[in-house]
Amino acid sequence: MLVKVKKASRKFENGNVAFKDISFSTKEGEIIGLLGTSGCGKSTILRSISGLDQSYDGSILVENCEARECKETIGFMFQEPRLMPWLTVIENVQFGSKNVQHQKAEILVEQVGLKGFEKNYPKELSGGMAQRAAIARALMTSPRLLLLDEPFSALDAFTKIQLQDLLLSVWEKNKATMLLVTHDIDEALYLCDRLLVFRGQPGELCEEIKVKRKDNKRSRGDENLLKQKEQILSLLNVERSIT
Amino acid sequence: MLVKVKKASRKFENGNVAFKDISFSTKEGEIIGLLGTSGCGKSTILRSISGLDQSYDGSILVENCEARECKETIGFMFQEPRLMPWLTVIENVQFGSKNVQHQKAEILVEQVGLKGFEKNYPKELSGGMAQRAAIARALMTSPRLLLLDEPFSALDAFTKIQLQDLLLSVWEKNKATMLLVTHDIDEALYLCDRLLVFRGQPGELCEEIKVKRKDNKRSRGDENLLKQKEQILSLLNVERSIT
Amino acid sequence: MSQQTETNVIKPIRSNFKLSISLTKWTTSSKQVVIGSILPITLLLLWELLSRVGVIPPNQLPAPTVIFLKIVTMIQDGSLWGHVGITFFRVFIGFLLGTVVALLLGALVGFFRFAEELIDPLLQAFRSIPSLAWVPLFILWFSIGETSKILLIAVGVFFPVYLNIVSGVKGVDRKLIEVGRIYGFSTYQLIKNIIIPASLPSFLVGLRSGLGLGWMFVVAAELMGASTGLGYLLVFGQNMSSPDIIIASIFLFALLGKLTDFTLKVIEHKALHWQDSLSSSQGNER
Amino acid sequence: MSQQTETNVIKPIRSNFKLSISLTKWTTSSKQVVIGSILPITLLLLWELLSRVGVIPPNQLPAPTVIFLKIVTMIQDGSLWGHVGITFFRVFIGFLLGTVVALLLGALVGFFRFAEELIDPLLQAFRSIPSLAWVPLFILWFSIGETSKILLIAVGVFFPVYLNIVSGVKGVDRKLIEVGRIYGFSTYQLIKNIIIPASLPSFLVGLRSGLGLGWMFVVAAELMGASTGLGYLLVFGQNMSSPDIIIASIFLFALLGKLTDFTLKVIEHKALHWQDSLSSSQGNER
Amino acid sequence: GSSTTSSKSESKPEVIRLDYAFYSPTSLVLKEFGWVEEEFEKEGIKVEWVQSLGSNKALEFLNSNSVDFGSTAGAAALIAKSKAAPIESVYIYSKPEWTALVTQGSSPISKVSDLKGKKVAATLGTDPYIFLLRSLAEEGLKPSDVEIVNLQHGDGAAALVAGKVDAWAGLDPHMAKLEVTEGTKFVYRNADLNTYGTLNVRSEFAKKYPEYVEKVITLYEKARLWTIENEQEATKILAEQAQLDQEVAALQITRNDFSKPIPGDTQNKALTEAGKLLQTSGVIEEKDDIEKLVNQLIQPKFAEKVIK
Ligand SMILES: Nc1ncnc2c1ncn2[C@@H]1O[C@H](COP(=O)(O)OP(=O)(O)OP(=O)(O)O)[C@@H](O)[C@H]1O
Ligand SMILES: Nc1ncnc2c1ncn2[C@@H]1O[C@H](COP(=O)(O)OP(=O)(O)OP(=O)(O)O)[C@@H](O)[C@H]1O
Ligand SMILES: [Mg+2]
Ligand SMILES: [Mg+2]
């Protein structure tokens, strides 16, 4: 699905401004990374695109239809797990699927490493486990537009890598358009085709970076990525404060 | 404050075992990093040390007193922000302080980059902003034992570095003992004196690593750290899955 | 897909708001008053019409105008203020008393398992004793003065407030309580700083339920030797077969109940503005 | 520091538990029954004693044994089952009816702002009309058969359930509702899959409050031409100046109310085991 | 023998609804023996019994078309009539002395004038209340000379026993009961100030089915005569139904005079007097014409036709 954001802003009732005059657009099946300092409006952009936040100004088109009126099913993984506390892990993963696909749910639960915890309630999960259950839930419906808000933030390096690859393998199958908010630059460079870097409060789009890869193939060891990482870090003003 | 854990285990009513037979101890004013795969019991260890989870087996001594009976004030930053939804940012930061220290609270709010958001309610904060408010709250009371559960997980690289340095500067002042759970190996190596690496489910302590630094001074560019990073990654079984 | 239904649902609301957002705040709330009056006024008109046509015989249910005149007469001869005033006073004091006791006991029972096991079963048994049944006992114990009336009303108020507090306290998120534990809060501090604010929504519902019951218990209370009061007026009307007095007092009950409840509702709205919930998000989206 | 107070608080509970953990589950709950019986039994003994000594004159408040004998007599001549049975039946049907209507209206009002503005003001006004005041109106509208009795009880049940549902629905965490929105849930799905489970704690309190009111309204209901039922028995006792009948019926009210409430409490416990709250964490820690 | 030769209406009611009340022993007898059912069964008319706990309830039922026949005190019926209730008093089931002024056995109060400044319990609008007002008036006292505490009958009895009030305008069977168990004494009694037990019928029913009104009165007559002849058994029926002690029930029965069943001038006079008093105390509105109301209320024609 195509997303086209044109001069979009969002001002809250209490005077906070989340983002201002943002414009970008996606290609079909593209994976786009959203990077930016904390509080610069990344989550709010995703909420606006998803149609949950309907009070933005400007225009946000999803498949040529204004986001606040769009009726397409999309996938959204929120910044918090948002599991239903009264459902077990497996029920949570199936939550929202129109038809019961028990087998698919079980496979996904196993893929995110929660086998054996299917019958646990959210209060019995660790932080990372809850996040993984939320990832499984987001992947259940195979939507054509997937919004991911810091999906791997509470995971250790090892688990993170496994789930990044899981995400890619799912993407290989149906080539959904993905918007991914992350603070992990390595992750962004490994997964995304293009990165949008935001800055400031209210957030503004300050740079668009096309990720260049050797042979156009994803590889964690790719040396091209290293250079781009430095570029991004400098964009985010990191260098200055390193002692 | 000294923490001494001896053959501690924790089994939940539903049969889950968080950790098993864990023993370690801290020195006064040491900063210890806890690393491990998701769900291996790190948060539960912190909860046991803090006295919140009283049903562990084995012995956990805090300042020579069994943790479940310990009455010392400690600081704990939870894995989630846990802000009181009915209090504003500044009120949340002051929450729990015995005597009102308005000025200190304001300085801390500024240091974590929330100036201008003092009067916002938690529902009006972004994920990272809520986490920063929680950090400020944990630092308010200047406790002699500080437990931090993934304190910087929702922050971008730039903000993260600032807050790491803030944490160090606070530590310089009163040299509190700190236990820090993190998934960011660079962070662990930069901040900690010693790292405990856990593995498995139930989690077991598989390695203790003393961080060696050039001239015993903290520096992000330190080349010694790079080597140790590789060692840790291999411990966490990461290498195997890198393509 | 079915998001369609949803947008249909939310839209009229939002567009209503668009209309009124340009007007002042006062207008918004006056618009609410207008919408809220549609049903009562329709019902009143229908009733008046049916009475005029003769479908409803006046000896059974007098027309609204007749009742209105009755109330006007009572205002003119001054007796209305006596009835309303004393009943209002009794409900108010009884409400305060019942709430305070419910707050103390409710916090105790919600917080301490032992207190719950000790006290709660007995209280739950008392809860289903009807107001009329208390009357002979209260006359016996407290004679027939104001005390017994106020106490009886307090009993009515007590139970819903108590029940909601206990449930509210037990439903407080463990995560927040643990924050207090870490700061070494005493039980009192825990209750004051975490439990009460966190269970406030539940507490406020309890207050509103309790106030409603307070008004209900007035009639039983005023069976205990009263010579003024709305409940007295009601029973008087029943004993005198005067449908106009009966309906007038029912109307006054409804009016006063509505007014006091409205006050609580405003407080509720003010006190819960921090809630990140359906109601507040609707507010945001409008 | 003040954590001391806290540990003091939790310890006796935990050590109690240690004592009973080795016993079976049945024993744990029977231990609760024992603790819960301490107060009522003490009160009964005191009352019996004071009656025997003569402090409480028997014509005003007969001794528990006298009342017990009265109940036994009623059991033997079979009249008790008639009274209890019919009242139980009326409360049960009225409770079902009131709850269903409250559920529908409550969900509507809690969810749609327009429905709230339209219906809620009127309902809130009705809420404070005492049960006794409804009696003449109900006799008028529905005559004096079972229908009017059951409807009156349903009215009593309706209000607390309604109030709690509305507040529960409005208090549902916006975050969870948004999850449903993302999946394109229809309003019906939203209510069924998110709003109802999330507001379940509040709903259950409403049910328990409502049940209590159902029992209270029975007396008023059975003023409408009944010749059996506990409420009738109570009024009968009052009209006949038979304190033993009065107190026996109060006792039966308490007993039945307690039993039905206990059923709801068990359901509440079962339905809310997923809650991560004070009560469940106490359970964990024991 | 009831002949329906002069039937003005062809139709018959599907169901006849009567009330029974502990303050009307004849209604209990009637219900106990099932005579009404027996009579109307032949015609395929159903019979329903509804209990009235007091005059106010009986009137409420009559007013809302919940019963066709209701037993009340005469004055209560008059008050309702003044509020346009469509009822007629067609039969006198007894001349009861069910109310009097009562005080504790040890009380120094012995006559009505002693009540000045004292607390007296009564239930507003009921016969005892009217009795209290009339006894005070006889002594030249105003209602404001005593403190009238409005309590339901049972509560008033309890309050008297507990010493919370000085006197009580009592009602049987409470009054009889206190007399037996507590040894209370009368301050003042006067059977003529009681306003008769009247059987009322809804005007609509009387107009539509006059012969059935007569039939019911015939049945009441049967019960009345039986009661006079079998006082012992009547007492037993009352005691059983109302769960009273034999002694109390006997006392209540003896305070009923079952001799004059046809409503007429006596009742007219008594009610007119009561009505005027109620008018001065504001219960009946000033503008109402008491004599006209009483004439409309008391309809002896049915009883006169049946009872020779
Ligand atoms: N209340 C509970 N009841 C049952 N099991 C629990 C409970 N809390 C935690 N667990 C289990 O204990 C284990 C360890 O949980 P813990 O939260 O300590 O993990 P963690 O190391 O902090 O993981 P993460 O990095 O994902 O936060 C998990 O397997 C979890 O399922
Ligand atoms: N409901 C709200 N009311 C008022 N202000 C809000 C609200 N939600 C968000 N904001 C403000 O909007 C800004 C952007 O918030 P947002 O959650 O989009 O940030 P973010 O980029 O996701 O940050 P993070 O990386 O910390 O999650 C913040 O300044 C925040 O204070
Ligand atoms: Mg965010
Ligand atoms: Mg954790």
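So that the names make sense, note that chain A is the first sequence line, chain B the second, and so on, each numbered from 1.
Each of E/Asn65, E/Val149, E/Asn150 has some count of heavy-atom pairs under 4.5 Å with chain C, and the biggest count is that of E/Asn150. Ranked by heavy-atom pairs under 4.5 Å with chain C, the first of E/Lys119, E/Gln152, E/Lys57 is E/Gln152. Per-residue heavy-atom pair counts under 4.5 Å with chain E were compared for C/Leu61, C/Ile144, C/Asp244, and the maximum is reached by C/Ile144.
A donor atom on one side chain and an acceptor atom on the other are found under 3.5 Å apart for C/Trp215 and C/Thr260.
A donor-acceptor contact shorter than 3.5 Å is absent between the side chain of C/Glu268 and the backbone of C/Leu204. Panel note: side chain E/Thr103, backbone E/Ile109; no donor-acceptor pair is recorded below 3.5 Å.
Residue E/Val165 touches chain C through its side chain alone, counting heavy-atom pairs closer than 4.5 Å. Residue contact with chain C, scored on non-hydrogen atoms closer than 4.5 Å, involves the backbone and the side chain of E/Ala80 alike. Contacts of E/Leu151 with chain C are made by both backbone and side-chain atoms, with heavy-atom separations under 4.5 Å.
Salt bridge annotation for E/Glu273-E/Lys276: absent, with no cationic side-chain nitrogen under 4.0 angstrom from a carboxylate oxygen.
In terms of the ring-ring contact (aromatic ring centres under 6.0 Å, His included) criterion, C/Phe159 has no residue partners (sequence neighbours excluded).
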